[in-house]
Amino acid sequence: MFIQFEDEVKSVLKRAFEITGFRFSDLSLEESEHADLATSAAFRLGAACGKSPISIAREVRDAIRLDDSELIGRVEVAGPYINFFVSEKYFSRTVERIHAEGVDFGSVTGTGGKKVIVEHTSANPNGPLHVGHIRNSIIGDTLARILRRCGWDVEVQYYVNDMGRQIAVVAWAFEHFELDSSMKSDHAIADMYQRANQLLEEDEERWKEVNELMQRVEGGDELVLKQFSRVVEPAMDGIRETLKRLNIDHDVFISESSFVTSGDVFKIVEDLKRTGRVRVDDGAFVVDLKDLGIEKSLVLQRRDGTTLYTTRDLAYHRWKAEQCDWMIDVLGSDHKLVSRQLRLVLDLIGVKQPDIVIFEFVSLPEGSMSTRKGVFISADELLDEIKKHALEEVSTRRPDTSPEFKERVAEIVGRAAIRYDIIKVSADKAMVFNWREALDFEKQGAPFIQYAHARACSILRRARGDGEEDDLGSADPTLLTGESERELIKKMAYLPKAIERAGQDLKPHILAAYARELAESFNQFYRDSPVLNAEEDLRRARLMLVDAARTTLAITLETLGMEAPEEM
RNA sequence: GGGCGUGUGGCCUAGUGGAUAUGGCGGCAGCCUCCUAAGCUGUAGGUCAGGGGUUCGAAUCCCUUCACGCCCGCCA
């Protein structure tokens, strides 16, 4: 409903500018603590036409006609600011609308099925996901959910790097070690990877054998590819299992090698040669990007005729581009330069460019993580540990409940807590993983939001138990005039805007902050406004509000990839 | 050395041109005969890394210095 209010403000303001004859280029609308929406346009208009901003603000205010608007209640001038406030109707309409639309509130539907492919995680299958990888997964998955709500037909892809050097190392190690079958498969692969690296360090000569595998696989040698898949498959099985525990799902897993066997990589090289930008450097083909602002030229094909990771990535993107209207890649900050190169080169051959969402690294207090050295905290370990803590929490808080209940709550609270801690922080901020903080359930994180939802459900459950409130249709939301009722409704009305902003800016942390504020508003309402003991009409109106809050919290949680428990 | 990014109370963090800088954690002081206290209320705590500039107005833009991270492979 906030978006509709904003539209009305834009329209009346535009008209007022026309009437007063001010040339506007920018309405300068901003959310403000002093109003529901405000504009500081008078400052700029004042500078442009030599009048005082204050008098301009008054003039514009006087020209504003609210005849056609029902969501704007009043307009006030405060110095040079013009402040807009929502109307009475805004509140009742919001509650009614959420009641009518249910879980579709805040969803844009029927946009013609424009398709976006979100690529995320795409971690090398040489070990389990660690706490750095899952920042990628969680950002990507949350974005996918947000864009789905924004009306996009979203497909999520995992690009499987099944022919990298790391994979070759493990494939080579298969000739020397047994896979430890007592471990989860991806952990067993990592273990083998580490042992192989030790062996290679001790005897540098052995690299020759690994390099031979690399050469053969880059030439598309089916036999070696099969050997590689003995590594990739168990690793991917383990990774998929971890992702599932995080409530993350991919639609398509596409392997890097498929672009070699299909010949697509070589077509890319040929097409680029035709652009006249490719030069031969010591037998290798490279693309010069100096005039496009990048000193470092991009190597497409080695002297020996094989291609590189980036070349295959180009082929992958061309293939992807043909299937969608928009591409988004979620990548770690180490890919900043490469992804810029990728975008430029794609443009050279007329392929649309992906939007790249870059996130900064997650490190450990003692330094950066390394699968090779075995220095990392795996996502599985974190999930197990947090579930253990969640189980302790639920056991002390709800000692009377069944073991199954405790188990289920611990699982959904645990994974949500992990997701929230990661998604709440802006992607361009480096993070240091901290066990104490990760396992802290007291702070305002996911459990706080889930708890608000459970509280709402609890009230509704009791009301239903009283045998009355199944028809909230007859409730009168205009009775909801209390301060904290109003604040809560305003927050609920903002949900579609929060989702829209997060989607437009590709910044999922915006939604995380919103979720926390929404839960806070509900908790304040919960404190101030007794529902079940209220007088009959008010009771029914408040039940309708609680129901709308429950819906809004559930939508928000779902979009963040977190379960909304009815009880916890 | 060059490029990109980050720097906000003890710790973490929101805010990238607008009104007294947002929250959390931790601290201190309170609130359960009442819908789940995984909750609520109050309070202390700030040279928005330093300096200079632009602007009616700067955490936000420009210049500069410093600190930290990532990148600068015919690796992936």
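In what follows, chains carry the letters A, B, and so on, assigned in the order in which the sequence lines appear, proteins first and then strands, with residues in each chain numbered from 1. No hydrogens, no waters, no symmetry mates; every other heavy atom, side chains included, goes into these values.
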Integer angstrom distance from the C1' of B/A59 to that of B/G26
24 Å
Does B/C62 adopt a syn or an anti glycosidic conformation, taking syn as a chi angle within 90° of 0?
anti
Identify which nucleotide among B/G73, B/A76, B/C25 has an atom closest to any side-chain atom of A/Lys296, counting heavy atoms from C-beta outward.
B/G73
B/C61 versus B/C4 - spacing of their P atoms, nearest Å:
14 Å
A/His133 (side chain) donor-acceptor with A/His130 (main chain) under 3.5 angstrom:
yes
Taking the P atom in each of B/U22 and B/A37, what is the distance between them to the nearest angstrom?
29 Å
Starting the side chain at C-beta, find the nucleotide from B/A76, B/U20, B/A14 nearest to A/Glu256.
B/A76
Go through B/C35, B/A14, B/A76 for me and flag the one nearest to the A/Tyr309 side chain.
B/A76
Options B/C75, B/A37, B/C40, nucleotide nearest the side-chain atoms of A/Phe448
B/C40
According to a strict under-4.0 Å criterion, is A/Arg302 in side-chain N/O contact with OP1 or OP2 of B/C75?
yes
Can you figure out which of B/C70, B/G3, B/A76 approaches the side chain of A/Arg312 most closely?
B/A76
Strictly below 4.0 Å: does A/Arg397 bring a side-chain N or O up to OP1 or OP2 of B/G39?
no
Checking B/U13, B/A76, B/A38 against the side chain of A/Lys429 (C-beta onward), the nearest is B/U13
Taking B/A37, B/C56, B/A76 as options, the one with an atom nearest any side-chain atom of A/His335 is B/A76
RNA chain B: A/Phe43 or A/Val409, which has the more 5' nearest nucleotide?
A/Phe43
C1'-based separation of B/U55 from B/G18 [nearest Å]:
12 Å
Nearest-neighbour nucleotide for the A/Asn83 side chain, B/A14, B/A19, B/C74 considered:
B/A19
Side chain of A/Asn523 only, heavy atoms from C-beta on: which candidate in B/A19, B/A76, B/C40 is closest?
B/C40
Assign each of A/Asp440 and A/Gln166 the nucleotide of RNA chain B bearing its closest heavy atom; nearer the 5' end lies the nucleotide of A/Asp440
Per atom distances to the A/Tyr526 side chain, the nearest of B/A76, B/A38, B/A37 is B/A37
